[in-house]
Amino acid sequence: MSNANTILKNSICLSFITLLLGSCAPTPGKTEHKTHHVEIIQMKFQPAELTVKKGDTVVWTNRDIVAHDITEEKGRLWTSGPLATGGSWSSVVTQNADYFCSIHVVMKGKLIVEQE
Amino acid sequence: MKVNPSLTTFSVFAIVCGAMFCTPATAQKKASFSDAEIASIAVTANKIDIRYGEIAKEKSKDADVLNFAEAMIKDHQGVIDQAVALVTKLGVTPKNNSTSKKLLSDAAKMNKQLRAKNGDAFNKAYIDNEVAYHKAVIGTVENALIPQSQNAELKGLLQSVLPVLKTHLEHAEMVQKKIAG
């Protein structure tokens with residue numbers, strides 16, 4: 001009887017440990033996504049070039065005294081719309097992109113998606 | 001009527017340099033602008049470029065020129081709004097002076113010249129003037145208005161405006177090159 005109880009206790013304990021370890025182990029194929037920040041200051045995107053992982057989020061914040069936007073350059077595939085002083089806009093990055101401010105077209109930035 | 005972009009360049013530099021170095025009674029002595037005068041010059045210079053932009057929006061059909069003009073109107077209005085908010089907070093009343101008056105009289109001449117042009121000739125005249133005007137204003141802000149402003153917040157605002165003006169110049173030169181094509 002005592003042996004049976006011990007075996008039962010050990011089994012329950014093992015089950016808990018298995019569950020605990022299972023919940024902590026990384027899920028295959030799932031990566032943690034980061035958030036990156038780009039400041040728009042003195043009429044420049046800083047950093048102008050940013051390397052991220054696919055699925056990471058980039059947040060742009062306008063620190064200038066005039067409005068800016070963040071617009072995909074080649075085909076204007078996406079845009080933040082006008083971003084007033086102090087305003088922020090974020091986007092999940094899935095592919096490389098050259099972008100610019102369509103208001104001040106000489107302001108340019110680049111997103112590079114790192115190969116996994 | 002031939003447009004002379006250098007008129008603007010000459011005007012701004014001549015006024016400021018004249019005030020600083022060449023007035024006979026104050027030869028060898030830098031004339032100084034008060035903060036009230038600096039505020040007036042800054043607001044006037046911004047208003048002038050907004051007016052040029054409005055003329056461009058009326059007369060041009062070129063997408064690059066229109067985009068540039070739109071940016072000038074919005075940015076310079078934004079700077080005026082901030083300058084007015086600041087002087088209101090500081091209790092400073094912008095004070096007209098010989099520099100702001102001369103800027104206005106020269107701008108009136110330039111407006112007339114621009115209005116006399118159409119099509120490609122207008123686009124060229126407008127953008128040539130923008131390049132010259134921004135070069136001149138950058139020089140004035142850097143060499144006269146920032147060094148002479150007494151109030152730290154006014155100086156800070158002018159320092160913040162400088163990169164905006166430099167980007168405008170770069171943008172104008174890009175359009176100028178494209179038009180010359």
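The chains referred to below are lettered A, B, ... by the order of the sequence lines, with proteins before strands, and numbering in each begins at 1. Remember, predicted model here, so these are calculated numbers, not experimental data.
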Exercise. Regarding Thr35(A) and Thr57(A), is there a side-chain donor-to-acceptor distance under 3.5 Å anywhere?
Worked result: no
Exercise. Do you know which two heavy atoms are closest between Ala97(A) and Trp78(A), and how far apart they sit?
Worked result: CB-CZ2, 3.9 Å
Problem set entry | Contact class of Val161(B) relative to chain A, heavy atoms under 4.5 angstrom | both
Exercise. Any idea which of Val79(B), Val164(B), Leu162(B), Val175(B) has the most non-hydrogen atom pairs under 4.5 angstrom with chain A?
Worked result: Val164(B)
For this session: Would you name the heavy atoms of Met72(B) and Ile50(B) that are closest together and state the gap between them?
Result: O-CG1, 4.3 Å
Exercise. Are the side chains of Ile70(A) and Leu83(A) in touch, meaning some heavy atoms are under 4.5 Å apart?
Worked result: yes
Problem set entry | Electrostatic pair Lys34(A)-Asp56(A), nearest N-O below 4.0 angstrom | no
Seminar exercise, completed: When every non-hydrogen atom of Leu157(B) is compared with those of Ala83(B), the smallest separation belongs to CD2-CA, 3.6 Å
Below 3.5 angstrom, are there any donor-acceptor pairs between chain A and chain B, and if so, which atoms and how far apart?
unit_1: Ile65(A); atom_1: O; unit_2: Gln82(B); atom_2: NE2; d: 3.0
unit_1: Ser102(A); atom_1: O; unit_2: Asn67(B); atom_2: ND2; d: 3.3
unit_1: His104(A); atom_1: NE2; unit_2: Asp75(B); atom_2: OD1; d: 3.4
unit_1: His104(A); atom_1: NE2; unit_2: Asp75(B); atom_2: OD2; d: 2.5

Exercise. Ala56(B) and Phe122(B): which non-hydrogen atoms are nearest, and at how many Å?
Worked result: CA-CZ, 3.5 Å
